[in-house]
There are 2 protein chains.
Amino acid sequence: MDAALTLFAERGYLGTSMRDIASQLGMRAPSLYNHLESKQELLQDIMLRTMEDLFADHRAAIATTNDVAEQLRRAMEAHVRYHARHPREVRIGNAEIWNLEQPAQDRVRKLRRDYARSWQDVINRGVDEGRFQTPSPQLASYAMLEMGIGISLWYHEGGRLSESQLAYYYGDMALRLVSAESG
Amino acid sequence: MDAALTLFAERGYLGTSMRDIASQLGMRAPSLYNHLESKQELLQDIMLRTMEDLFADHRAAIATTNDVAEQLRRAMEAHVRYHARHPREVRIGNAEIWNLEQPAQDRVRKLRRDYARSWQDVINRGVDEGRFQTPSPQLASYAMLEMGIGISLWYHEGGRLSESQLAYYYGDMALRLVSAESG
DNA sequence: TCCCATGGCGAACGACCGTTCAGCCGGGAG
DNA sequence: CTCCCGGCTGAACGGTCGTTCGCCATGGGA
């Protein structure tokens, strides 16, 4: 539900009432229950779908080439594009894990872990092949993931930088972080 | 108040009740009002003090040298050390701005803006002196700030990496991001 | 024309929130 | 010993929350 996305992202899950969501849709709160089970269900749908979409984009990006430096660049570009295009989803995803009930919370945590592991695999392979150089592949991957997340906080369409410029610059920074020559 | 720090960081401002805080202290909620004005006051104290401390550490770090590459490294080290030492404060600081009432919210936003600007000033000077190379000093500064914030989410004392190792590695990454030779 | 399913609605539920207030208790000052 | 006062307390306040329920309007199918 689009209205819930906007409100959860702006005020947080606990800061948004069913009455708020309903009024954004020109309705009253009880009417919402004709279309959904509970408020918690809304949050779970949003967070699970977000992580799965992000991960799917990521896999598609690194499947397009075998060159490890190019994989890293394209992974970062996909990461950045997703965060620029879906800032509301990402903000909720990063802020509301603690408000997710089990077992959904563990599912999201597992997806995150798998996502981070995939990044580390790429970096480790680059190091093994002698293409990347870094004192800690793990720290490098954390840094890259985190760099993208910030984008969802300040980027808005129509700003000074286009999404494609953003993706290119961040791809560039990712390669610099591991001292790689661009593939 | 230390108890409030822990609870706000774990469950969020809205997810923590005065009864929760009191019970952590072996009291009842009304007793808290002998020591503070309101729940909002707690949040404002925490967030303002946090941003001011972080900024003070930052200024001290870049005042210790005139070499711009060394300034960048030391700024990143101070940034990382603060986030590793005060994860609760930082988490609250990043998650709860929207729950801060005015005028405190604007004061915190201004402190953040000033902090970011100081980073950009260092990077811009490095570019002017021909020491740094980056397609966008602004993006580079955002990336560096964001890299540190993630630390507060996973670092804990006694983990595989010591705080000093962490600071050194991140300082290294900051310099790589702008393709600088270590000062 | 009648029927019924769909979906919005007002009212109300119990729970919990931040906060107030009057009273109680223990211990230090006189 | 007496008094007083800082600090903790139960009770209670008005308010908001997520959710339920019975009612009602509507409009398409028979």
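To find a chain, count down the sequence lines: A is the first, B the second, and so on, and within it residues start at 1. Just so we're clear, the structure is a prediction, and the values are computed from it rather than from any experiment.
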Is any side-chain N or O of B:Ser31 closer than 4.0 Å to OP1 or OP2 of D:dT9?
yes
For atom CG of A:Asn99 and atom P of D:dC17, their distance in whole Å
15 Å
Atom-pair distance (CG on A:Asp20; P on D:dG15), nearest Å
18 Å
State whether the distance check finds a donor on one side and an acceptor on the other, under 3.5 Å, for side chain B:Arg28 versus base D:dG10.
no
Does any pair with a residue in residues 29-52 of chain B pass ring-ring contact (aromatic ring centres under 6.0 Å, His included), and if so which ones, sequence neighbours excluded?
none
Take A:Gly15 and A:Pro30, find for each the nucleotide of DNA chain D with the closest heavy atom, and name the residue whose nucleotide sits nearer the 5' end.
A:Gly15
Got A:Lys39 and A:Phe8 here, is their nearest side-chain heavy-atom distance under 4.5 Å?
yes
Looking at A:Glu70 and A:Arg131, is any side-chain nitrogen of the basic one under 4.0 Å from a carboxylate oxygen of the acidic one?
no
Out of D:dT9, D:dT19, D:dC8, which nucleotide sits closest to the side chain of B:Asn34?
D:dC8
Could you tell me the separation between the CG atom of B:Leu32 and the P atom of D:dG6, rounded to a whole number of Å?
19 Å
Want to settle it: does B:Tyr13 or A:Met27 sit nearer the 5' end of DNA chain C, counting the closest nucleotide to each?
A:Met27
Nearest-angstrom distance from the residue atom CD1 of A:Ile21 to P of D:dC17
11 Å
Please work out if A:Ser17 contacts a base, only the sugar-phosphate, or nothing of the nucleic acid, heavy-atom cut-off 4.0 Å.
sugar-phosphate
Can you find a side-chain donor-acceptor pair between A:Ser152 and A:Arg88 that sits under 3.5 Å?
no
Taking A:Lys110 first and then A:Asp114, would you say they form a salt bridge - that is, a charged N and a carboxylate O separated by under 4.0 Å?
yes
Using only side-chain N and O atoms of B:His35, determine if any of them is under 4.0 Å from OP1 or OP2 of D:dG6.
no
Whole angstrom is fine here: how far is it from CZ in A:Arg19 over to P in D:dT19?
11 Å
Only counting residues at least two apart or in another chain, list the ones meeting side chain to side chain donor-acceptor pair (under 3.5 Å) with A:His83.
none
First and last nucleotide of DNA chain C in contact with chain B, 5' to 3', at under 4.0 Å to a heavy atom: what are they?
C:dC17 to C:dC21
Separation between CZ of A:Arg113 and CD of A:Gln120, rounded to the nearest 0.5 Å:
12.0 Å
